[in-house]
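Taking it in order: structure first as structure tokens, then the write-up.
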Amino acid sequence: MTQCMSDFDYVIVGAGSAGCVLANRLSANPRNRVLLIEAGGRDNYHWIRIPVGYLYCIGNPRTDWCMVTEPEAGLNGRRLNYARGKVIGGCSSINGMIYIRAQSADYDGWRQMGLAGWGWDDVLPYFRKVEDHWLGESAFHGAGGEYRVERQRLRWDILDAFQRAAQQHGVPATTDFNRGDNDGVGLFEVTQKRGRRWSVADAFLKPALKRPNLAVVTDALVDRLAIEDGRAAGVHYRMGGEARLARARGEVILAAGSIGSPAILERSGIGDARRLAELGIVPVLDQRQVGENLQDHLQIRCAWRVSGVPTLNQRAATLWGKAMIGLEYALNRSGPMAMAPSQLGAFTRSGPDVATPDLEYHVQPLTLEAFGGALDPFPGFTASVCNLRPLSRGSTHVASADPLAQPLIRPNYLAQEADRQVALAAVRQARAIVSQPALARYQPQEVRPGAAITEDAQLIGAIGDIATTIFHPAGTAAMGRVTNERLRVTGIGGLRVADCSVMPAITSGNTNAPTMMIAEKGAEMILADAR
């Protein structure tokens, strides 16, 4: 028997970077009854708060869906772990805490696709509204908003040297990647508060929990939408082994992310009718773009061995070193335990004909063979580099009607020749930066992909062996394809998607801040349309 919860104005699916913003804004009016449904549990795991704890949250079924891609031809048949937050706060509770808005040209490009209201001048006020920026109020930054953005609480000689080397190579220094032009090299700003992770749940959801008109349920897996007479009337979900129905007299808003939201649409019969019928799902709307247009940033983890300079490889190699790292964090909330996964960033171009930066470097004072693995037994640094605007497009689709079944995720990395050429240029530019005088004293020796690999065919093969996702999936319910510019699902009433999946083209940078902006703007649209 299905238990029914009714009389909600809005039902939001997913308590991640978008869902927490939506829940806060839609429940601000006490006349609106709001239900937020999250498949994961509470965010009371101690490693969520400690910045370095991402190492213990990603790949942990307590906080991560632990998804895996299908074998990728462009990665020599490898399957990649595909982390997605499964906890209150979603990916903002397990991500790298890097705050990047991307480039003004990204959003102006959306507007030029016919998506009115999504240009840079349109979206900047929403970025500013949510911010509590460490520099205070300015034309580009907000102060007093919910989301704290701070400087990092650390420094490394090797990162300073890489920054000087990048400048010697022609990359300008910058102190702010978030003014619409992220060209340059500098330290990333992070979503932390006094040395602790500041998730979207901390910022937006927890202050709103005292409102009597906001209900939150956790450990509740959404199966499908309840569609009646061509309209989303609620959601079917499972909680504690029981089937439940939450009804919405206003709207249902999907905020389950670029993998979760299209999966819910497909299980509800919204997708490629032929594919759904083969899975035993009754088609409701033949919408073949659901789950298509998957875009992601593929990072190439280039690494060098160095000498004469401390890196985390040595500091964390002994019990004494680990003890001192722990003590530094306990006393000052600084040092390696306060580190985001990447500390130094650089945005630059893969060639002279590129109008705005299409490469992003994430530079780290450590090396390891694979994420989550052991640090190498020698001092070293990593300069991961990704193509910010890949042309390759993939897909994500449900494998069955069972909401517990893993989806079929096919990013299709490096499928386009243009992407392979950018990858080659990215590695060669990384090598050129490291060859500058600023790093010469540390005698860098390339260990990945390997200095002896120089020919195109060999280098593409080596890239396929070491490249991995940087966890930025986007575009699978894109505006102009599945949703319109007001985030409504075309063809179904009372239903919107308001998360990273609505991006028509992936942004030129990390995706957490743009996802919050989408939710902030989406909430305003929802409230305006209800008047």
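Given the structure is predicted, the values throughout are model-derived calculations rather than measurements. Residue numbers count from 1 along this sequence. All values below were derived from every heavy atom in this structure, side-chain atoms included, with hydrogens, water molecules and symmetry-related copies excluded.
Atom CG of Asp296 sits about 7.5 Å away from atom NE2 of His472, to the nearest 0.5 Å. Going from atom CG of Leu298 over to atom CD of Glu72 covers 8.5 Å, rounded to the nearest 0.5 Å. One distance of note links CG of Leu36 with CD1 of Ile88; it measures 6.0 Å at 0.5 Å rounding. Note: Thr483 OG1 to Met503 CE = 12.0 Å, rounded to the nearest 0.5 Å. In this structure, Phe347 CZ and Ile100 CD1 are separated by 4.0 Å, a value rounded to the nearest 0.5 Å. Between the CZ atom in Arg410 and the OG1 atom in Thr396 there is a gap of 9.0 Å [rounded to 0.5 Å].
In this structure, Arg247 pairs ionically with Glu228, as a charged nitrogen and a carboxylate oxygen lie closer than 4.0 Å. Salt bridge status for Glu189 with Arg151: absent, with no side-chain N to carboxylate O gap under 4.0 Å. With respect to Arg486 and Asp529, a salt bridge is recorded, a charged nitrogen being found less than 4.0 Å from a carboxylate O. Ion pairing between a basic and an acidic side chain is recognised when a charged N comes within 4.0 Å of a carboxylate O; Asp9 and Arg33 show no such pairing.
Remark: of the listed residues Arg194, Arg49, Lys193, Arg196, Arg49 is the sole one forming a salt bridge (Lys or Arg N to Asp or Glu O under 4.0 Å) with Asp202. Evaluated for a side-chain hydrogen bond (donor to acceptor under 3.5 Å, both in side chains) with Ser342, the options Glu360, Gln364, Gln299 yield exactly one hit, Gln364.
With 3.5 Å as the limit, one finds a donor-acceptor pair spanning the side chains of Asp419 and Ser392. Checking Trp198 against Glu150 by side-chain atom types alone, no donor-acceptor pair falls below 3.5 Å. At a cut-off of 3.5 Å, with distance as the only test, no side-chain donor of Asp402 or Ser400 sits close to an acceptor on the other residue. Asn95 and Arg197 share a side-chain donor-acceptor pair at under 3.5 Å. In the model, Asp43 has no side-chain atom that pairs as donor or acceptor with a side-chain atom of Ser93 under 3.5 Å.
Arg249 CZ: more than 12 foreign heavy atoms inside a 6.0 Å radius. Dense packing is recorded around OH of Tyr45, with more than 12 heavy atoms of other residues, nucleotides or ligands lying under 6.0 Å away. Atom CZ of Arg79 sits in a crowded spot, with more than 12 heavy atoms from other residues, nucleotides or ligands closer than 6.0 Å.
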Pairs under 3.5 angstrom only: tabulate donor-acceptor contacts from the side chains of residues 262-274 to other protein residues two or more places apart or in another chain.
residue : atom : partner : partner atom : Å
Glu266  : OE1  : Val398  : N            : 2.8
Glu266  : OE2  : His397  : ND1          : 2.6
Arg267  : NE   : Asp223  : O            : 2.7
Arg267  : NH2  : Val222  : O            : 2.9
Arg267  : NH2  : Asp223  : O            : 3.4
Ser268  : OG   : Leu225  : N            : 2.8
Ser268  : OG   : Ile264  : O            : 2.7
Asp272  : OD1  : Arg274  : N            : 3.1
Asp272  : OD1  : Arg275  : N            : 3.4

Donor-acceptor contacts under 3.5 Å from residues 113-120 side chains, at least two apart:
residue : atom : partner : partner atom : Å
Trp118  : NE1  : Glu485  : O            : 2.9

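Listed by first then second residue, pairs satisfying side-chain hydrogen bond (donor to acceptor under 3.5 Å, both in side chains) with a partner in residues 16-26 read Ser17-Asn512, Arg25-Glu146, Arg25-Glu520, not counting sequence neighbours.
Remark: side-chain polar atoms of Asn81 are not paired, donor with acceptor, to backbone N or O of Val68 under 3.5 angstrom.
In this structure, the ring of His133 has its center no less than 6.0 angstrom from the ring center of Phe140. A distance of 6.0 Å or more separates the ring centres of Tyr99 and Phe188.
Under the 6.0 Å distance and 45° angle rule, Arg111 does not count as a cation-pi partner of Tyr107.
Between Thr476 and Glu292, every side-chain heavy-atom pair lies at or beyond the 4.5 Å cut-off.
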